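Order of the sequence lines sets the chain letters (A, B, ...), proteins ahead of strands, with each chain counted from 1. As a basis for the values below, the full set of heavy atoms in this structure was taken, side chains included, without hydrogen atoms, waters or symmetry mates. Everything numeric here is computed off the predicted structure, so don't read it as measured data.
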There are 2 protein chains.
Amino acid sequence: MKKGKDITIYDIARELKISAATVSRGLQDHPAVNKKTKKKINDFAEEIGYRTNHFASSLRKQQTKTIGIIVHELNSNFITSVLAGIEKITAQEGYDIIITHSSESSKKEIANAKNLLYKRVDGLIVSLSADTENLDHFQPFFDKNIPVLFFDRVEQDGDKTVVVIDNVKCGYMATQHLIDQGCKRIAHVTSSLTRNVYEERFRGYKQALTDNGKTFDKSLLIVEDLDKNGGIEAANRILAMKSRPDGVFITNDFVAAFCMRTLIRNGISVPKDIAIVGFNNDAIGELIEPELTTINYPGEDMGEIAARNLINHLKGTGNLHQTNTIVVKSNLLVRQSSLRLSANGKAAKK
Amino acid sequence: MKKGKDITIYDIARELKISAATVSRGLQDHPAVNKKTKKKINDFAEEIGYRTNHFASSLRKQQTKTIGIIVHELNSNFITSVLAGIEKITAQEGYDIIITHSSESSKKEIANAKNLLYKRVDGLIVSLSADTENLDHFQPFFDKNIPVLFFDRVEQDGDKTVVVIDNVKCGYMATQHLIDQGCKRIAHVTSSLTRNVYEERFRGYKQALTDNGKTFDKSLLIVEDLDKNGGIEAANRILAMKSRPDGVFITNDFVAAFCMRTLIRNGISVPKDIAIVGFNNDAIGELIEPELTTINYPGEDMGEIAARNLINHLKGTGNLHQTNTIVVKSNLLVRQSSLRLSANGKAAKK
DNA sequence: ATGAAAGCGCTAACAG
DNA sequence: CTGTTAGCGCTTTCAT
């Protein structure tokens with residue numbers, strides 16, 4: 001073995017006194033290679049620690065067996081579940097993945113897209129950052145027929161393939177639940193309504209109000225960043241209202257946690273004075289007092305579905321371009337933060 | 001432009017009536033190229049949307065300008081801060097990164113290492129998974145002189161380059177603080193002591209006890225997984241003790257949160273009956289009641305330092321092989337969960 | 001079932 | 001300052 005140098009198929013060919021072409025075929029389990037030769041090749045390759053040079057291979061084949069992933073953020077239960085789901089499927093199918101995250105900045109998202117384009121991924125799975133306004137940075141992928149699949153945070157009225165939950169329904173469920181618990185004035189804390197998920201949840205919220213004979217009161221809509229400060233700010237705005245709400249639907253558990261904490265510190269009793277429903281079923285919801293009612297949806301399933309669809313398309317056994325919208329199930333998880341009535345409809349003792 | 005095909009330097013060369021070599025040089029800003037030619041090349045490349053084929057380049061140059069990252073888990077504040085720090089530096093220096101995570105499984109860690117080896121990363125930044133017992137899977141990197149830098153979770157008594165905090169000191173600080181708050185019996189909740197960080201914190205804990213004339217009581221050492229269940233289990237074990245501790249030093253905020261919640265639900269008052277100190281300064285610590293005293297350390301700095309050192313080594317302007325240990329500062333963040341005395345030494349009213 | 005040969009796109013030594 | 005040339009390691013016709 002030449003020291004410092006990698007082993008190539010030529011080394012194997014020379015050693016085994018066969019041609020490099022046969023080695024290449026043997027390594028790929030090509031049908032037209034003698035079983036014994038194949039075994040000899042693979043055993044020897046294993047023995048001397050051969051590893052294929054993916055650059056040479058990709059250069060030649062013009063495909064990378066790699067899927068790029070762009071997510072808006074890493075540190076949430078939901079996203080890591082999705083990643084786990086994606087990994088499960090891609091690993092099964094022999095695809096590599098490259099994970100990038102945009103920290104909720106469309107600027108970084110654009111850079112990531114460019115980077116993955118340069119890396120020549122075979123396909124892309126994307127959840128948009130909060131402030132992404134258009135899909136121009138994915139145009140090169142569309143142009144080159146590299147499939148792009150969006151999940152969760154997707155383009156409003158896009159004609160792209162997406163994996164989502166029914167956010168309208170979720171918003172409706174959350175709001176209806178608060179109404180069922182006797183709330184008369186329900187506020188909604190959310191992020192920029194240009195992002196589909198928030199717009200849709202908002203729509204569900206309004207619909208539930210309407211269906212229950214209430215009219216939407218604009219002053220009860222609070223738009224904040226989805227971070228610690230946003231939660232505190234939302235609470236402050238609620239506290240400052242002349243006519244305070246008695247229920248709040250917050251579109252993110254982390255924000256809900258900070259909002260609730262701030263309310264409680266200011267003498268509000270939850271759920272008695274104000275009932276609260278969050279969104280995402282983050283671990284944090286179980287840790288705070290009272291525990292947070294929330295919307296739960298299966299990240300891992302979404303990841304699996306996204307990866308499976310993308311790979312099927314890549315293998316030609318599915319077709320993304322017929323404008324699929326795949327909707328994953330979701331449900332309301334009732335906990336203490338919203339529970340004002342016992343099961344039989346009486347006011348809870350607590 | 002041939003449709004469907006990528007543009008190559010040959011296309012540019014032909015169009016501009018110069019050689020491909022010059023185009024290549026111009027694109028790389030090689031000094032020996034005429035300024036005007038360079039401008040012409042870059043302008044034209046930009047115009048027609050040329051993107052270099054990194055496979056061809058890597059194949060030829062035998063280097064990828066890519067750094068691999070292996071972390072034990074993604075969903076913690078600490079890790080995402082480290083990643084942000086790494087990204088800041090690598091972006092500056094024109095390196096790409098590939099992030100992989102092992103979900104605390106050494107099996108996945110080994111697979112990730114193999115994968116990054118195949119991807120031929122120029123260097124590696126690693127935080128070991130909980131159950132990693134040896135560094136055999138990094139041997140191929142060592143053999144091929146690919147630099148590997150460990151941070152946070154590193155090999156016990158290794159001779160490798162590492163970026164860490166002074167865990168012994170942190171354990172000491174936490175324990176000393178509890179003693180200062182009047183705790184007489186201090187339990188320690190941690191994970192497997194084979195992982196350096198936990199062994200070291202444990203050592204600091206014992207040292208603080210000794211220095212204060214206390215002897216270490218083995219029955220107060222609780223080893224659990226660092227997850228929700230571990231926290232609950234730890235609490236149950238504390239509750240079951242005949243002679244209960246009045247202080248607990250827990251090596252992870254998330255676990256501390258679940259442990260504390262369970263204790264409180266069982267009628268324990270925190271910090272009055274039991275004072276609690278966590279570790280990591282996760283966002284969760286601010287949200288729970290009482291707020292969690294914890295050890296804070298700068299993830300972003302660690303990431304920057306790790307990346308900076310690795311890249312310097314790669315560029316030949318630094319040398320990792322002189323067995324560096326880089327220690328990053330850390331501090332105790334006192335909050336309500338451990339505060340039994342007011343600043344003047346009297347028992348707090350609360 | 002196997003081999004010979006060309007070429008994927010880029011870079012670097014060498015020559016001029 | 002620019003061009004010629006060879007080759008990185010692999011895959012894939014085309015032949016045999």
Where do A:Asp122 and A:Thr64 land on the side chain to side chain donor-acceptor pair (under 3.5 Å) test, with the steps shown first? CA-CA 6 Å; A:Asp122 291 345; A:Thr64 57; 3.1 Å; yes

Which residue pairs pass the salt bridge (Lys or Arg N to Asp or Glu O under 4.0 Å) test with at least one member in residues 104-117 of chain A, sequence neighbours excluded? A:Glu104-A:Arg153, A:Lys108-B:Glu87

Take atom CD of A:Gln62 and atom C1' of C:dG7, then tell me their distance rounded to the nearest Å. 11 Å

Toward the 5' end of DNA chain D, by each residue's nearest nucleotide, B:Pro31 or B:Leu59: B:Pro31

Is the shortest heavy-atom distance from the side chain of B:Glu300 to the side chain of B:Glu304 under 4.5 Å? yes

To the nearest Å, how far apart are B:Lys65 NZ and C:dC10 P? 18 Å

Report the distance from atom CZ of B:Phe55 to atom P of C:dG9, rounded to the nearest whole Å. 12 Å

Side chain B:Ser58, main chain B:His54, donor-acceptor under 3.5 Å: yes

Pairs satisfying side chain to side chain donor-acceptor pair (under 3.5 Å), at least one member in residues 19-34 of chain B, at least two apart: B:Ser19-B:Thr22, B:Ser24-B:Gln28, B:Asp29-B:Lys38

is_close_aromatic(B:Phe138, B:Phe150), centroid dist under 6.0 Å: yes

Starting at CD1 of B:Ile41 and ending at P of D:dT2, how long is that distance when rounded to a whole Å? 8 Å

Whole angstroms only, please: what is the CG-P distance between B:Asp29 and C:dT11? 13 Å

How long is the line joining NZ of B:Lys36 and P of D:dC1, in whole Å? 12 Å

Is there a side-chain contact between B:Ser19 and the phosphate of D:dG3, meaning an N or O under 4.0 Å from OP1 or OP2? yes

Quick check on the helix from C:dA1-D:dT16 to C:dG16-D:dC1: what's the angle between its two end axes, five base pairs per end, to the nearest 10°? 30°

For A:Asp131, what residues pass the salt bridge (charged side-chain N to carboxylate O under 4.0 Å, His left out) criterion, not counting sequence neighbours? none

Would a distance-only check, ignoring hydrogens and angles, find a side-chain to backbone donor-acceptor pair under 3.5 Å from B:Ser192 to B:Thr194? yes

Annotated protein contacts, base or backbone, on nucleotides 11-16 of chain D with a non-hydrogen cut-off under 4.0 Å, one of B, S, - each: BBB---

Could you give the CG-to-P distance, from B:Asp6 to C:dG9, as a whole number of Å? 7 Å

Without decimals, in angstroms, what is the distance between B:Ile12 CD1 and C:dT11 P? 11 Å

Scan A:Ser58 against the nucleic acid and name what it touches under 4.0 Å (heavy atoms): base, sugar-phosphate only, or nothing. nothing

Residues two or more places apart in sequence or in another chain: which of them pass salt bridge (charged side-chain N to carboxylate O under 4.0 Å, His left out) with A:Glu73? none

